[in-house]
Structure formats: structure tokens, C-alpha cells
A.B. asks: 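This is the structure, below, for whatever I ask next.
Counting convention: from 1, in listed order, for ligands and their atoms alike.
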Amino acid sequence: MTISPDELETQLAAIKEEALSKITATDTLEQLEQLRISYLGKKAQLSQVLGGMGKLAPEDKRRIGAFANVVKEALQEGLEKKRTELQAAQIQAQLEAETLDVTMPGVYRPQGRIHPLNSTIDRVLDIFVGLGYTVAAGLEMETDYYNFEALNTPPDHPARDMQDTFYLPDGNLLRTHTSSVQIRYMEANEPPIRIIAPGRVYRRDTVDATHSAVFHQIEILAVDEGITFTDLKGTLKEFFQDLFGEEIELRFRASYFPFTEPSAEVDVKWRGKWLEMGGCGMVDPNVLKAVGYDPEIYTGFAAGFGAERFAMVLHQIDDIRRLYNSDLRFLRQF
Ligand code: 2U9
């Protein structure tokens with residue numbers, strides 16, 4: 001089948017019109033690529049038309065060939081122009097979608113803070129670490145031995161009563177003081193000892209403004225050759241001076257604890273008032289013997305404080321329960 005040069009020319013012109021109008025109407029790069037393949041690819045209409053040129057006379061071939069090139073270039077140019085346009089539009093759309101509005105209000109994140117009880121404990125630890133003490137930790141569930149027996153507390157001592165201590169079904173108990181930490185530490189270490197044991201303790205107390213069944217103690221212990229009550233007094237003076245940040249006065253009142261002998265209650269005079277701050281004494285020789293230390297060689301002092309009491313005095317908190325309620329109106333003040 002032969003085809004006339006004029007017909008070929010008309011076909012080429014029609015292809016060009018159709019292709020250019022389709023290119024103009026395209027709005028995605030994928031569609032545009034499909035158009036490129038269907039008009040300029042190997043199996044494209046344009047290639048098929050050109051395949052029919054073989055039988056033309058030489059001068060017709062030249063004329064139609066030249067026109068075919070014009071059509072091809074027009075299509076390439078149209079495709080290229082559209083591609084540039086679509087790519088620019090795509091980038092623009094992306095830029096608009098990713099715009100950062102620096103004036104937009106932020107997402108509110110409440111700032112956490114250290115609980116006043118923890119910050120109080122941290123301050124006390126800092127002071128004693130500054131004096132050369134090591135922080136020691138132990139167990140909240142203890143055996144009768146570590147909580148009482150090793151601490152020279154006789155079986156008939158009221159602290160061992162069911163009314164005062166939380167006993168567990170297996171015969172263990174919830175520690176009533178952190179002193180068991182010091183017993184375990186001494187068992188594992190030789191003098192000289194300088195440790196501070198902070199932690200949660202449990203007592204069967206009726207809850208009121210100054211008592212809680214669960215509270216926190218901080219106990220210190222120093223064991224060495226030649227330690228005297230004077231060392232205890234000097235250490236406590238240094239500590240309370242630092243804690244209160246001003247000149248304070250100390251007062252020792254004779255007392256009794258099973259694990260210290262002699263024993264005393266410590267009061268601090270701050271801003272004209274005497275405040276009961278804790279207990280202390282020289283470690284009872286029986287306690288030293290229990291951990292295998294020779295009380296003829298070593299002596300030691302110990303003191304115990306309630307962390308809640310410190311926090312309450314330092315921050316003028318009127319009720320211990322405020323430290324446990326998690327009331328934000330209270331906590332936000334610290
Ligand atoms: C060992 C030997 C002795 C620690 C001591 C106290 C006196 C004391 C109270 C303060 C307020 C308990 O939290 S509180 O109710 N503590 O009065 N604590 S002597 O004596 C020790 C500790 C460990 C090995």
C-alpha cells in the first residue's frame with residue numbers, strides 16, 4: 001500500500017496538533033512520561049509514519065523528512081517545557097506543605113521538678129559526701145537478724161512488737177530503720193567506715209500531721225580507731241550549720257537506744273527556737289561484735305534523722321501528708 005507525500009504531511013501535522021494539545025492538558029509527570037513514550041518512543045505513531053517514507057521519491061523524502069524533524073522537535077520542546085512546569089509546581093507544592101510557621105503557639109509541656117523530700121535528701125547526702133562519707137543502700141524487706149538482733153535489740157524490746165513492726169507472712173519484715181544497711185556494709189568491709197544510708201522505712205504508726213507508716217530516714221555511721229563523742233558533736237555541728245546555712249546551736253539530751261551507748265537526742269536552735277532533729281550516740285560494743293569488729297580496738301558514732309522532718313523544718317511544711325499527696329498546688333511551690 002502506498003501513501004502520498006501530502007497524506008503523510010497531513011498525518012504528521014495531525015499528530016503534532018493532537019500531541020501538543022494532550023501535552024498542554026497533562027497535569028502530572030507520570031502522564032507526561034506516558035505521552036512521551038506514545039509519541040516519541042520506538043513504537044510511537046511518529047516512528048510508524050516515518051517508516052512509511054521509504055517508498056517516497058527523493059525530493060519528497062527530503063521535504064517530508066524535514067517536516068517530520070520539525071514535528072519531532074516541536075514535540076520534544078513541548079514535553080520539555082511541560083516537564084519543567086510540572087516539576088516547578090511540584091517543588092512549590094512541597095514547599096507550601098512544609099512551611100514552618102514560627103508564629104504558631106508551641107505545645108505546652110509542664111516542667112517536672114525534684115520533689116521537696118528528694119531535694120532535701122540530696123542536700124544532706126551532698127553535705128556528708130563533702131565530709132568524706134559514702135552513700136550506702138540496702139533492702140526494704142529485711143530479716144529479724146539485720147533489723148533487730150545485730151543491732152542489740154532484745155526480743156522483748158517494744159520495737160519488735162507486732163504492734164510496731166510490719167511482719168511479713170514468711171517471717172521477714174519491712175525495715176523499721178536503715179540501720180540494717182550499716183550492719184550489712186560493716187559485714188562486707190573493714191574500718192575505717194564512713195557511710196550514710198538514706199531510705200524508706202516502715203512502722204505501724206497511726207498517721208497524723210507528724211507521723212507516717214512509711215517515711216524516710218538518713219543515718220550516718222563512722223567506725224575507726226579512737227573515735228569519740230567529740231567527733232560526733234563536731235560532725236553534727238558542721239552538718240547542721242551547712243544544712244541551715246546559718247550559725248546554729250546544738251543541744252544533746254541524754255537518751256536511750258539499744259544500738260548506741262551512750263545515746264542522745266539532738267536539738268538544733270534555729271531562729272530562736274529549739275527543734276528536735278534526731279538521735280545519735282556511740283555505737284554499742286555489742287553491735288561492733290555482731291559484725292566481727294573488736295570493740296577494744298574500734299569505736300564509732302552513729303546518728304539517725306527523719307528526712308521528712310528536715311524537709312518540713314526547712315520549708316515550713318505544717319503536715320507530713322502534704323509530702324505524699326502529690327497535690328500540684330503544693331508541689332509547684334518548690
Ligand atoms: C548502727 C549503729 C547505730 C542510728 C541511730 C538514732 C539514734 C535515732 C531516729 C531519728 C528520727 C529514728 O527517723 S527517726 O524516728 N533515729 O534516734 N538512730 S542512733 O544508730 C545506729 C545505726 C546503725 C550500725
Side-chain angles (χ1 to χ4, degrees), residues 117 120-121 124 128 133-134 136-138 142 145-153 157-159 164-165 174-208 210-224 227 229 231-233 235-236 239-240 251-268 275-293 295 298-313 320 323:
L117 185 56
T120 302
I121 294 172
V124 174
F128 278 103
Y133 284 66
T134 298
E142 266 298 359
Y145 179 79
Y146 285 105
N147 195 80
F148 292 126
E149 215 173 306
L151 285 150
N152 195 42
T153 306
H157 192 278
D164 291 285
T165 299
L174 297 180
R175 69 180 182 193
T176 60
H177 45 200
T178 60
S179 316
S180 46
V181 175
Q182 288 96 300
I183 297 295
R184 289 177 182 278
Y185 188 93
M186 286 192 289
E187 278 184 351
N189 295 273
E190 288 300 308
I193 302 272
R194 305 278 189 278
I195 51 171
I196 177 157
R200 195 178 296 166
V201 300
Y202 303 81
R203 290 183 185 180
R204 292 189 73 151
D205 262 336
T206 304
V207 177
D208 64 20
T210 54
H211 294 83
S212 167
V214 183
F215 68 106
H216 298 73
Q217 277 192 343
I218 306 173
E219 290 191 334
I220 57 159
L221 172 74
V223 181
D224 209 337
I227 287 204
F229 203 96
D231 298 314
L232 170 60
K233 288 175 100 173
T235 301
L236 293 183
F239 163 60
F240 281 114
R251 181 170 73 183
F252 291 81
R253 285 178 290 113
S255 187
Y256 170 80
F257 305 108
F259 30 79
T260 46
E261 182 61 34
S263 305
E265 308 271 347
V266 199
D267 302 337
V268 172
L275 307 163
E276 290 184 21
M277 295 309 287
C280 63
M282 299 306 289
V283 179
D284 193 289
N286 287 337
V287 174
L288 296 175
K289 274 188 220 154
V291 298
Y293 291 180
Y298 298 112
T299 52
F301 66 70
F305 312 105
E308 281 82 351
R309 173 96 179 121
F310 284 173
M312 289 171 77
V313 167
I320 196 170
L323 292 168

A.B. asks: Output all residues satisfying side chain to side chain donor-acceptor pair (under 3.5 Å) with Y133, sequence neighbours left out; order by chain, then residue number.
C.D. replies: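 Scan of Y133 (side chain to side chain donor-acceptor pair (under 3.5 Å), adjacent residues dropped) gives none.
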A.B. asks: Please state which protein non-hydrogen atom is closest to atom 11 (C) of ligand 1 and give its distance, to 0.1 Å?
C.D. replies: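 Minimum-distance protein heavy atom for atom 11 (C) of ligand 1 reads G306 N, 3.9 Å.
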A.B. asks: Is there a heavy atom of E265 sitting under 4.0 angstrom from any atom of ligand 1?
C.D. replies: no
A.B. asks: Determine whether the side chain, the backbone, both or neither of E261 has a heavy atom under 4.0 Å from any heavy atom of ligand 1.
C.D. replies: neither
A.B. asks: Return the closest protein heavy atom for atom 23 (C) of ligand 1 as residue, atom name and distance.
C.D. replies: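 Here the nearest protein heavy atom works out to Q182 NE2, 3.5 Å.
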A.B. asks: Does Y146 have R184 sitting over its ring (NZ/CZ under 6.0 Å from centre, angle to axis within 45°)?
C.D. replies: yes
A.B. asks: Closer than 3.5 angstrom, by distance alone: can the side chain of D208 be matched with the main-chain N or O of H211 as a donor-acceptor pair?
C.D. replies: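 Checked: pair present.
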A.B. asks: Verify, without hydrogens or angle tests, whether R309 (side chain) and E276 (backbone) share a donor-acceptor contact under 3.5 angstrom.
C.D. replies: yes
A.B. asks: Pick one of side chain, backbone, both or neither for how S263 approaches ligand 1, counting any non-hydrogen atom pair under 4.0 Å.
C.D. replies: neither
A.B. asks: Ligand 1 versus R309, non-hydrogen atoms closer than 4.0 Å: side chain, backbone, both, neither?
C.D. replies: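 Contact part for R309 vs ligand 1: neither.
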A.B. asks: Check the orientation of F252 and F229. Use parallel for under 30°, tilted for 30 to 60°, and perpendicular for over 60°.
C.D. replies: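 Ring orientation, 0 to 90° scale: perpendicular.
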A.B. asks: Could you label the plane-to-plane angle of the F259 and H177 rings as parallel, tilted or perpendicular, counting under 30° as parallel and over 60° as perpendicular?
C.D. replies: perpendicular
A.B. asks: Any nitrogen or oxygen of V287, main chain or side chain, under 3.5 Å from a nitrogen or oxygen of ligand 1?
C.D. replies: no
A.B. asks: Between N147 and T176, does any side-chain donor sit less than 3.5 Å from a side-chain acceptor?
C.D. replies: yes
A.B. asks: Quick one: which of V181, V283, L151 has a heavy atom closest to atom 1 (C) of ligand 1?
C.D. replies: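 Among V181, V283, L151, the closest heavy atom to atom 1 (C) of ligand 1 comes from L151.
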A.B. asks: Measure the distance from atom 4 (C) of ligand 1 to every protein heavy atom, then report the residue, atom name and distance (to 0.1 Å) of the closest one.
C.D. replies: E219 OE2, 3.5 Å
A.B. asks: Report the nearest protein non-hydrogen atom to atom 3 (C) of ligand 1: residue, atom name, distance rounded to 0.1 Å.
C.D. replies: A302 CB, 3.4 Å
A.B. asks: For the side chain of T120 and the backbone of F310, is there at least one donor-acceptor N/O pair under 3.5 Å apart?
C.D. replies: no
A.B. asks: Give the residue and atom name of whichever protein heavy atom lies nearest to atom 7 (C) of ligand 1, and the separation in Å to one decimal.
C.D. replies: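 Sorting protein heavy atoms by distance from atom 7 (C) of ligand 1 puts G279 C, 3.2 Å first.
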A.B. asks: Measure the distances from the heavy atoms of R203 to every atom of ligand 1 and state whether one is below 4.0 angstrom.
C.D. replies: yes
A.B. asks: In terms of residue, atom name and distance, what is the protein heavy atom nearest to atom 10 (C) of ligand 1?
C.D. replies: G304 O, 3.1 Å
A.B. asks: Ignoring angles and geometry beyond distance, decide whether Q217 reaches within less than 3.5 Å of ligand 1 through its nitrogen or oxygen atoms.
C.D. replies: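 Yes, there is a polar N/O contact under 3.5 Å.
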A.B. asks: Looking only at atom types and distance, does a side-chain atom of E142 sit under 3.5 Å from a main-chain N or O of R175, one as donor and one as acceptor?
C.D. replies: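 Absent.
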